[in-house]
Amino acid sequence: MRLINRRPVPRAARLLALLPFAAVLLAYVISSALRLAENPADKLLPAFSSFAAAIDRMAFTADPRTGDVLLWLDTFASLRRLFAGLAISTMVAVVLGIAIGLLPYLRATLGGFVTAFSMAPPLALLPILFITVGLGEAAKITLIAIGVTPPLVRDMALRVEDVPRQQIVKAQTLGASSWTIALRVILPQVLPRLLDSIRLQLGPAWLFLISAEAIAAESGLGYRIFLVRRYLSMDVILPYVAWITLLAFLMDVAIVLLQRRAFPWFAEARASS
Amino acid sequence: MSLISVRNVWKEYDDTVVLEQINLEIDQRAFVALVGPSGCGKTTFLKMLLSEEQPTRGTIKIDDAPISPEPTADRGVVYQRYSVFSHLTVLGNVLLGRELQAGGPAGTLFGRLFGAEKALAVAEARELIAAVGLSHAESRYPAQLSGGMQQRLALAQALMGRPKVLLLDEPFGALDPGIRAEIHVLMRNLWNERALTIVMVTHDLPEAFALATRVIAFERRRNEPTDCGRYGATITQDFEIWPRRIPAPLDSLKPPGRDDPTPQTVSYRDDPVKTGSAA
């Protein structure tokens, strides 16, 4: 049988999915044990017992100096910035994307500008943000918004243009105005697709967040890992990275569930078109 | 007097003449089928009736008034595909035909109906859904319907908008023969029972002759490769179907009211009767 026709049974598929995780874990345990056997003070690949100690210190014990539990403080600070940035981007993308996609005059005016603006590397704009809005929360939220909004707007505008011309004509023959077409025909059809593009932008959003926090912050997941880097604290950095990855993964799953729940028609419509 | 009046319409794209010298009068409650080889401009003509395209020369009038330069609610349309909205249920789709026309601040702002008006529209939508035989599928989404059911839904939705003229662009072209025969019966009933004037583009001649009261053929009189599109298509044939198909008078179809006198006889005849301007 050809390789392309050989399929794993569902149970085997699940086991296969776990395989690479197990392999990486195993490789880590072996290398860590080897290094620690040679030098018990090695900091590069700490043993799992050091992770447990670090996690206990960061996540379950209050910091003796400030009285805060650092992991939760950092998580809360980071998520607040991330959600604020994503919320601003989403709102701008819905309004501007639909307007650019639907109104030829606005497309002619802003289409090129948005494309050009989206080419500016957001991290190169970071110094400008620090100078103009200061080192506080506003700069970090603005960086996420500036980085994520242009691709979201462009994607929204393209999705609006993807709506078949027939549907727009049809809505007009049913008596719709430009506004009611946007509200009743375009918006509900592009919202599930907006969720798709937000999913794709979660990666860049985290990237901008961690970068901004690494450069100037007093709390946050990115701030913490760059802070403890000075002491080679791999026992803190690795659990933090795993935690960030888990948070990003959960957000992705949550968006998929939301899409399925809120737009029951979408999966089948996409499959049949 | 005719409902649609097309006077000396030409359509040109750059150097290419697509349609030339189209003159056409279409009567109230006529069912006109436009046929012709592909690329002869029959769909372009339909798009001009819909104001999706503008004629290069000439005028199109409905009820003696030039048609609006953009699509409006006096002309409904059913396409072969993408006629219904995939994010709305069957009921939602049909209801949309009335909701988008809602006046008043709430209607203009939200494109929705509320309260008693909505209840009235829902009742009317259900009646139309029943007329096209989709009552059992009221809460399904279009992706869960077969092609024939989607086209029935598209018809109900278009009728909900109460258009003066219904334009059909190869509406049944993608359906299986069996389903197509069923929907032809439905189409004929809808035309017979409602105040509808229909213009249908089709490439299926038997369909044209089975449904229409009048079949119009578009063709290029000269189509030499050396002409380079300097001659467009025009109307070359204009048949009236014989024996004449005459729709039932609308008042004969209303069930008599409780206090009305019992009707003595059926007030219309099946057999062809030549009546003034009826086509």
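Chain naming here is simple, since letters A, B, ... match the order of the sequence lines and numbering starts at 1 in each.
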CD of Gln157(B) to OG1 of Thr173(A), rounded to nearest 0.5 Å, is 8.0 Å
Residue from Arg184(A), Gln172(A), Lys170(A) scoring the most non-hydrogen pairs under 4.5 Å with chain B is Arg184(A)
Working to the nearest 0.5 Å, report the span between CH2 of Trp265(A) and CG of Leu88(B).
9.0 Å
Checking Ser86(B) against Gln189(A) for the side chain to side chain contact (heavy atoms under 4.5 Å, CB included) test, could you report, in this order, the C-alpha distance in whole Å, the side-chain angles of both residues, the deciding distance, and whether it holds?
CA-CA 8 Å; Ser86(B) 48; Gln189(A) 296 205 51; 3.6 Å; yes
State whether the side chain of Gln167(A) and the backbone N or O of Val84(B) hold a donor-acceptor pair below 3.5 Å, judged by distance alone.
yes
Leu167(B), part contacting chain A, at a heavy-atom distance under 4.5 Å:
neither
Gln144(B) side, atom CD; Glu268(A) side, atom CD - distance, nearest 0.5 Å
4.5 Å
Given heavy-atom pairs under 4.5 angstrom as the criterion, report whether the side chain, backbone, both or neither of Glu99(B) touches chain A.
side chain
Using a cut-off of under 4.5 Å for heavy-atom pairs, which of Ala143(B), Ala158(B), Pro71(B) has the most such pairs with chain A?
Pro71(B)
Given Pro142(B), Gly107(B), Gly97(B), Pro163(B), the one with more heavy-atom pairs under 4.5 angstrom with chain A than any other is Gly97(B)
Measure distances from Arg112(B) to the heavy atoms of chain A and classify the residue's part below 4.5 Å as side chain, backbone, both or neither.
both
Is the number of heavy atoms from other residues, nucleotides or ligands under 6.0 Å of Phe114(B) CZ greater than 12?
yes
Please look at Tyr79(B) and chain A and tell me whether the side chain, the backbone, both or neither of the residue comes under 4.5 angstrom of a heavy atom of that chain.
side chain
From the list Leu50(B), Leu109(B), Thr89(B), Asp74(B), the residue making the most non-hydrogen contacts under 4.5 Å with chain A is Leu109(B)
Interatomic distance, Leu95(B) atom CG to Leu174(A) atom CG [nearest 0.5 angstrom]:
11.5 Å
Check the surroundings of atom CG in Asp14(B): do more than 12 heavy atoms from other residues, nucleotides or ligands lie under 6.0 Å from it?
no
Heavy atoms only, distances under 4.5 angstrom: which of Leu183(A), Val185(A), Ile181(A) has the most pairs with chain B? Name it, please.
Val185(A)
Report which part of Ala102(B) has an atom under 4.5 Å of a heavy atom belonging to chain A: side chain, backbone, both, or neither.
neither
Among His87(B), Met160(B), Gln101(B), which residue forms the greatest number of heavy-atom pairs with chain A at distances under 4.5 Å?
His87(B)
Segment of Thr108(B) engaging chain A (4.5 angstrom heavy-atom cut-off):
backbone
Within 6.0 Å of CD in Glu138(B), more than 12 heavy atoms from elsewhere:
yes
Would you give the length of the straight line joining atom OH of Tyr141(B) to atom CZ of Phe263(A), rounded to the nearest 0.5 angstrom?
10.5 Å
